[in-house]
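These notes are about the structure you will find just below.
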Number of protein chains: 2
Amino acid sequence: MEELATQFKALSDPARLKILDFLLEPDRSRCTREEGVCACDVEGVLGLSQPTVSHHMKLLVQAGFVTAEKRGRWAFYTINPDAFRVLAGSLEKYHLAPVLAYCC
Amino acid sequence: MEELATQFKALSDPARLKILDFLLEPDRSRCTREEGVCACDVEGVLGLSQPTVSHHMKLLVQAGFVTAEKRGRWAFYTINPDAFRVLAGSLEKYHLAPVLAYCC
DNA sequence: GCAACATATTGACAAATTTCGATGCATCGA
DNA sequence: TCGATGCATCGAAATTTGTCAATATGTTGC
């Protein structure tokens with residue numbers, strides 16, 4: 001319950017949603033490296049300071065939505081689809097089953 | 001984008017998640033009325049003050065997750081499954097399609 | 001009409017969040 | 001080895017959020 005709230009909180013900021021969209025479909029002209037999306041790329045896309053980006057990335061990683069891999073001096077980030085799958089699953093009870101309240 | 005963030009924010013508090021679970025499967029022994037779940041019932045379940053509950057209900061209604069119907073002096077609340085369906089849909093892109101980043 | 005009750009709103013306060021500049025820590029290239 | 005680069009952390013400021021007491025609004029029953 002607490003953890004679920006934490007996950008939703010990680011998604012409750014427009015900057016972090018922008019980050020996720022960029023990680024999903026990175027505009028390669030905005031990426032400094034061939035190997036993937038690094039923190040400094042995100043900085044450019046969001047127009048936010050480096051510490052702020054670092055903070056947002058930390059929250060996304062802690063919530064499990066993003067995986068960080070440190071290579072050399074760069075940190076490369078990728079979407080973790082499983083976390084979104086699980087989260088979508090935890091929403092199902094609110095819409096999949098017919099809502100049974102006060103009917104049987 | 002902003003609106004999506006607002007929706008996630010509405011789900012980012014443990015008290016509000018508890019409210020949703022209670023609305024989904026109300027313990028009828030905790031409901032003062034036969035007709036449904038009213039705000040005062042939620043008060044008892046959460047152990048929060050009446051203004052606080054009113055505030056949480058307002059956020060859930062504004063986000064579209066809960067529908068409020070005022071009847072007499074009571075306000076009855078129900079889950080709105082469609083809102084959850086749409087939200088789950090907006091998560092799909094992060095896990096449904098293969099993540100294409102840097103592969104084509 | 002009046003008293004009791006359910007809910008909403010207001011005002012206040014503490015805690016959490018977002019943001020940045022400054023600083024520290026690795027790592028790479030020359 | 002040294003300077004430059006990328007990222008993390010710290011400390012602080014501004015804003016937002018969660019909570020409650022007090023009050024207001026509206027409805028029911030007598």
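Every chain is numbered from 1, with letters handed out A, B, ... down the list of sequences.
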request  = Determine the contact category for A:Tyr77: base if any of its heavy atoms lies under 4.0 Å from a base atom, sugar-phosphate if only primed atoms, P, OP1 or OP2 are that close, otherwise nothing.
outcome  = sugar-phosphate
ask   = Base, sugar-phosphate, or nothing for B:Arg16, non-hydrogen atoms under 4.0 angstrom?
value = sugar-phosphate
ask   = Does B:Arg73 place a side-chain N or O at less than 4.0 Å from the phosphate oxygens OP1/OP2 of D:dG29?
value = no
Under-4.0 Å side-chain N/O to phosphate OP1/OP2 contact, A:Ser54 with D:dC7 = no
remark   = Between B:Lys70 and A:Ser12, whichever has its closest DNA chain C nucleotide further toward 5' is B:Lys70
message = Taking the nucleotide of DNA chain C with the nearest heavy atom to each, does A:His55 or B:His55 sit closer to the 5' end?
response = B:His55
Take the protein atom [atom1] of [X] and the nucleotide atom [atom2] of [N], then report the distance between them rounded to whole Å.
| X | N | atom1 | atom2 | result |
| --- | --- | --- | --- | --- |
| A:Gln50 | D:dT5 | CD | P | 14 Å |
| A:Leu11 | C:dT17 | CG | P | 14 Å |
| B:Leu46 | C:dT7 | CG | P | 13 Å |
| B:His56 | C:dT7 | NE2 | C1' | 16 Å |
| A:Asp13 | D:dT17 | CG | P | 10 Å |
| A:Leu59 | D:dC7 | CG | P | 17 Å |
| A:Leu17 | C:dT18 | CG | P | 11 Å |
| B:Arg33 | D:dT27 | CZ | P | 15 Å |

remark   = Correct closest heavy-atom pair for B:Leu87 and B:Ser90 would be O-OG, 2.7 Å
remark   = Closest non-hydrogen contact found for A:Ile79 with A:Leu24 is CG1-N, 4.1 Å
Measure from the side chain of [X], starting at C-beta and using heavy atoms only, and say which of [options] lies closest.
| X | options | value |
| --- | --- | --- |
| A:Ser49 | C:dC20, C:dT19, C:dT7 | C:dC20 |
| B:Pro51 | C:dT17, D:dA22, C:dA8 | D:dA22 |
| A:Lys58 | D:dC7, D:dT9, C:dG29 | D:dT9 |
| B:Leu48 | C:dT7, D:dC20, C:dT19 | D:dC20 |
| B:Thr52 | D:dT19, C:dC20, C:dT7 | D:dT19 |
| A:Cys40 | D:dG6, C:dA4, C:dT7 | D:dG6 |
| A:Lys9 | C:dT17, C:dC20, C:dT18 | C:dT17 |

Common cluster, [X]/[Y], ILVMFWY with side-chain heavy-atom separation under 4.5 Å:
| X | Y | answer |
| --- | --- | --- |
| B:Phe84 | B:Leu59 | no |
| B:Tyr77 | A:Tyr94 | yes |
| B:Leu48 | B:Leu20 | yes |

ask   = Picking from A:Arg71, A:Arg28, A:Lys70, what satisfies salt bridge (Lys or Arg N to Asp or Glu O under 4.0 Å) with A:Glu35?
value = A:Arg71
